[in-house]
**Student:** 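Here it is: the structure, laid out below.
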Amino acid sequence: MRIITAQEIEEVMNFRDLLETLRRAFRVGAVAPSPLTQRIARPTGLDDGSLTISSAWHDFAAQDTIERGFIGTRIESSLPGSQEHQSPSVAGVYLLQSGKTGTPLALLDGKALVNWRTAATSALASSYLSREDSSRLLMVGAGSLAPYLIEAHASVRPIKEVLVWNRSPAGAQQLVEAMQGQAFTISATTDLGGAVRGADIVCCATSTHRPLIKGEWLQEGTHLDLVGSTHADQRECDNEVISQARLFLDSYDTTPTTAGELKEPLADGVLSLQDIASDLAELCQGDRAGRRFYEQITLFKSTGTALADLAAAGHVYLRV
């Protein structure tokens, strides 16, 4: 069994190839049972943590052979820090097995795999949902996922200008300095409302519990990519955003029940399940249309899918 490190994943990945691997995966599909999440009780003064096990495998019955395909399982822990505003420490591994024998083939660094998978999924959705001439990107959040998201969006659209907003301005500036020398200009901003108004694509990757993006800021034709705040008590946009945008999900199976952006508007009557235009599989299969007209506001909400994990892990394994 191979041990595939984060460095090895970085060395073989590029967004152009990974996007096409994911596009094929969403077209073909996979078997992906609901993830199992267990609570980890912790000492007084520390919030409880969680352990999530998420599995998927190729549909061997549908393809009528066991000669190709994998079984994959992601094991991930999330342990909140001791300080109120400290983000949870998320760590994990991905186990890839032979679909024919079950033999373990590789154990991959979970964080690196998720960074690439998440960003590539957002870019894949953007290829259907954002305007083709989108040139201005706003990155909200400056965590470890942010540079991947910026590069992924720039791989599918002619991004010329990137603005970064972060709750900590120092964090935004640090990301800006780290990403100098790209084909686009990148700078930090403290004016979130103004930055949203001027952006073609707004990408959010935060752990906020209170909405950051307000519907009153949105301009015609904006595409929103919301990949952070994946729990039911978290949300990155307000109800007015939801009511204005044509809404797309990474998966019907998990997102409506886990994302606060949807769970709260559903409970408030602002949103119904019938208002959800499509998930990513239907977009990739051509069963549903993405952006319908130039001025339309689109929103893609992603919480992560086991199918994308499996596709990304197989992509890496075949290249290392």
**Student:** Leu145 and Ala205: which non-hydrogen atoms are nearest, and at how many Å?
**Tutor:**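 Heavy atoms of Leu145 and Ala205 come nearest at CD2-CB, 4.4 Å.
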**Student:** When rounded to the nearest 0.5 angstrom, what is the spacing between CZ in Arg27 and CG in Asp287?
**Tutor:** 11.0 Å
**Student:** Would you indicate whether Gln7, at its atom CD, is surrounded by more than 12 heavy atoms from other residues, nucleotides or ligands within a distance under 6.0 Å?
**Tutor:** no
**Student:** Strictly distance-based, threshold 3.5 Å: is any side-chain N or O of Gln180 a donor or acceptor partner for the main-chain N or O of Val176?
**Tutor:**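 Between the backbone of Val176 and the side chain of Gln180 there is a qualifying donor-acceptor contact (under 3.5 Å).
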**Student:** When you compare the side chains of Tyr94 and Glu76, does any donor N or O come within less than 3.5 Å of an acceptor on the partner?
**Tutor:**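 The criterion, which ignores hydrogens and geometry beyond distance, is not satisfied for Glu76 and Tyr94.
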**Student:** Give me the ring orientation class for Tyr148 and Trp116: parallel if the planes are under 30° apart, tilted from 30 to 60°, perpendicular past 60°.
**Tutor:**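 Rings of Tyr148 and Trp116: perpendicular, over 60°.
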**Student:** Check this for me, if you would: do Arg42 and Asp48 make a salt bridge, where the nitrogen-to-carboxylate-oxygen distance has to be below 4.0 angstrom?
**Tutor:** no
**Student:** Can you tell me how far apart CG (Asn14) and OG (Ser155) are? Round to the nearest 0.5 Å.
**Tutor:**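 One finds 9.0 Å between CG of Asn14 and OG of Ser155.
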**Student:** Determine whether His153 and Ser122 make a side-chain contact, defined as any pair of heavy atoms from C-beta on separated by less than 4.5 Å.
**Tutor:** yes
**Student:** In the structure I gave you, are the side-chain heavy atoms of Leu96 and Leu310 within less than 4.5 Å of one another anywhere?
**Tutor:**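 In short, these two side chains touch, coming nearer than 4.5 Å.
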**Student:** Would a hydrophobic clustering, with Ile, Leu, Val, Met, Phe, Trp and Tyr connected at side-chain separations under 4.5 Å, put Leu107 with Val316?
**Tutor:**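 No: no chain of side-chain contacts under 4.5 Å links Leu107 to Val316.
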**Student:** Working to the nearest 0.5 Å, report the span between CD1 of Ile201 and CG of Leu138.
**Tutor:** 10.5 Å
**Student:** Enter the distance from Ile9:CD1 to Lys111:NZ here, rounded to the nearest 0.5 Å.
**Tutor:**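 If we round to the nearest 0.5 Å, Ile9:CD1 and Lys111:NZ are 12.5 Å apart.
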**Student:** Go through the steps to decide whether Arg131 and Tyr294 satisfy the test side-chain contact (heavy atoms from CB on, under 4.5 Å), and finish with yes or no.
**Tutor:** CA-CA 7 Å; Arg131 297 192 317 237; Tyr294 190 81; 3.3 Å; yes
**Student:** Mind checking whether Leu18 and Val320 sit in one hydrophobic cluster, side chains of I, L, V, M, F, W, Y counted as touching below 4.5 Å?
**Tutor:** yes
**Student:** Is it true that Arg157 and Glu132 have a side-chain N and a carboxylate O under 4.0 angstrom from each other?
**Tutor:** no
**Student:** Any luck finding a side-chain donor-acceptor pair between Thr206 and Thr208 under 3.5 Å?
**Tutor:** no
**Student:** For Ser54 and Thr73, run side-chain contact (heavy atoms from CB on, under 4.5 Å): C-alpha distance rounded to whole Å, both residues' side-chain angles, the deciding distance at 0.1 Å, then the answer.
**Tutor:** CA-CA 6 Å; Ser54 177; Thr73 302; over 6 Å; no
**Student:** Only one of Leu137, Ile213, Val241 clears side-chain contact (heavy atoms from CB on, under 4.5 Å) with Val202; which?
**Tutor:**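 Result for side-chain contact (heavy atoms from CB on, under 4.5 Å) with Val202: Ile213.
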**Student:** Is any side-chain heavy atom of Arg2 less than 4.5 Å from a side-chain heavy atom of Leu105?
**Tutor:** no
**Student:** Answer yes or no: is there a side-chain heavy-atom contact under 4.5 Å between Phe248 and Leu299?
**Tutor:**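 The answer is no; the side chains never approach within 4.5 Å.
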**Student:** How about His315 and Met13: do any of their side-chain heavy atoms sit closer than 4.5 Å?
**Tutor:** yes
**Student:** For Gln174, does the CD atom have more than 12 heavy-atom neighbours from other residues, nucleotides or ligands under 6.0 Å away?
**Tutor:**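 Counting neighbours around CD of Gln174, 12 or fewer heavy atoms of other residues, nucleotides or ligands fall under 6.0 Å, so no.
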**Student:** At what distance, to the nearest 0.5 angstrom, does CG of Leu226 lie from OG1 of Thr303?
**Tutor:**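 Here the interatomic distance stands at 11.5 Å.
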**Student:** Which value, rounded to the nearest 0.5 Å, describes the distance between Cys284 atom SG and Tyr128 atom OH?
**Tutor:** 4.0 Å
**Student:** Establish whether Trp165 and Leu218 are linked, either directly or via other cluster members, by ILVMFWY side-chain heavy-atom contacts under 4.5 Å.
**Tutor:**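 As far as the 4.5 Å side-chain criterion goes, Leu218 and Trp165 are connected within one cluster.
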**Student:** Are Leu192 and Trp217 packed together at the side-chain level, in the sense that at least one heavy-atom pair is separated by less than 4.5 angstrom?
**Tutor:** yes
**Student:** Charged N to carboxylate O below 4.0 Å: is that the case for Glu264 and Arg235?
**Tutor:**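 The answer is yes: the pair qualifies as a salt bridge.
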**Student:** Give a yes-or-no answer on whether the side chains of Ser134 and Asp200 include a donor-acceptor pair shorter than 3.5 Å.
**Tutor:** no
**Student:** Same cluster for Leu280 and Leu247 if Ile/Leu/Val/Met/Phe/Trp/Tyr side chains link at under 4.5 Å?
**Tutor:**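 Shared cluster, no.
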**Student:** Does the side chain of Arg291 reach to within under 4.5 Å of the side chain of Arg246, using non-hydrogen atoms?
**Tutor:**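 Of all side-chain heavy-atom pairs linking Arg246 with Arg291, none is under 4.5 Å.
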**Student:** Got a sec, which residues hit side-chain hydrogen bond (donor to acceptor under 3.5 Å, both in side chains) with Asp309, two or more places apart in sequence or on another chain?
**Tutor:**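 side-chain hydrogen bond (donor to acceptor under 3.5 Å, both in side chains) list for Asp309, sorted by chain: Arg74, Arg117.
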